[in-house]
Amino acid sequence: MTDEAETIFTGYSDDDRTYFRGRAAWHEQRAEIASDSSTRMLHRRFAKMYATRSLSQTST
């Protein structure tokens, strides 16, 4: 197994969590300015997904 592969299976790093939190915030902002309900709902779903992933202990 390469170092990269080992990193994938040992869990998220702080950089990953920061990335996921940033993406969640971006999607929340986009949901706030969305012009229609379907776009707003889509962005909120992605925001929730990224927020949840930022709290995860392992990558799957």
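For the pair D16 and F20, the minimum side-chain heavy-atom distance is below 4.5 Å.
Here the straight-line distance linking atom OH of Y50 with atom OH of Y19 works out to 4.5 Å at 0.5 Å rounding. For the atom pair CZ (R17) and OG (S54), the distance works out to 8.5 Å, reported to the nearest 0.5 Å.
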Just list the side-chain donor-acceptor pairs under 3.5 Å for residues 30-44, sequence neighbours left out, or say none.
{"residue": "E32", "atom": "OE2", "partner": "R44", "partner atom": "NH2", "Å": "3.4"}
{"residue": "D36", "atom": "OD1", "partner": "S38", "partner atom": "N", "Å": "3.3"}
{"residue": "D36", "atom": "OD1", "partner": "S38", "partner atom": "OG", "Å": "2.7"}
{"residue": "D36", "atom": "OD1", "partner": "T39", "partner atom": "N", "Å": "2.9"}
{"residue": "D36", "atom": "OD1", "partner": "T39", "partner atom": "OG1", "Å": "2.9"}
{"residue": "D36", "atom": "OD2", "partner": "T39", "partner atom": "OG1", "Å": "3.1"}
{"residue": "R40", "atom": "NH1", "partner": "A34", "partner atom": "O", "Å": "3.0"}
{"residue": "H43", "atom": "ND1", "partner": "H27", "partner atom": "ND1", "Å": "2.9"}

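Partners of T52 by side chain to side chain donor-acceptor pair (under 3.5 Å), not counting sequence neighbours: none found.
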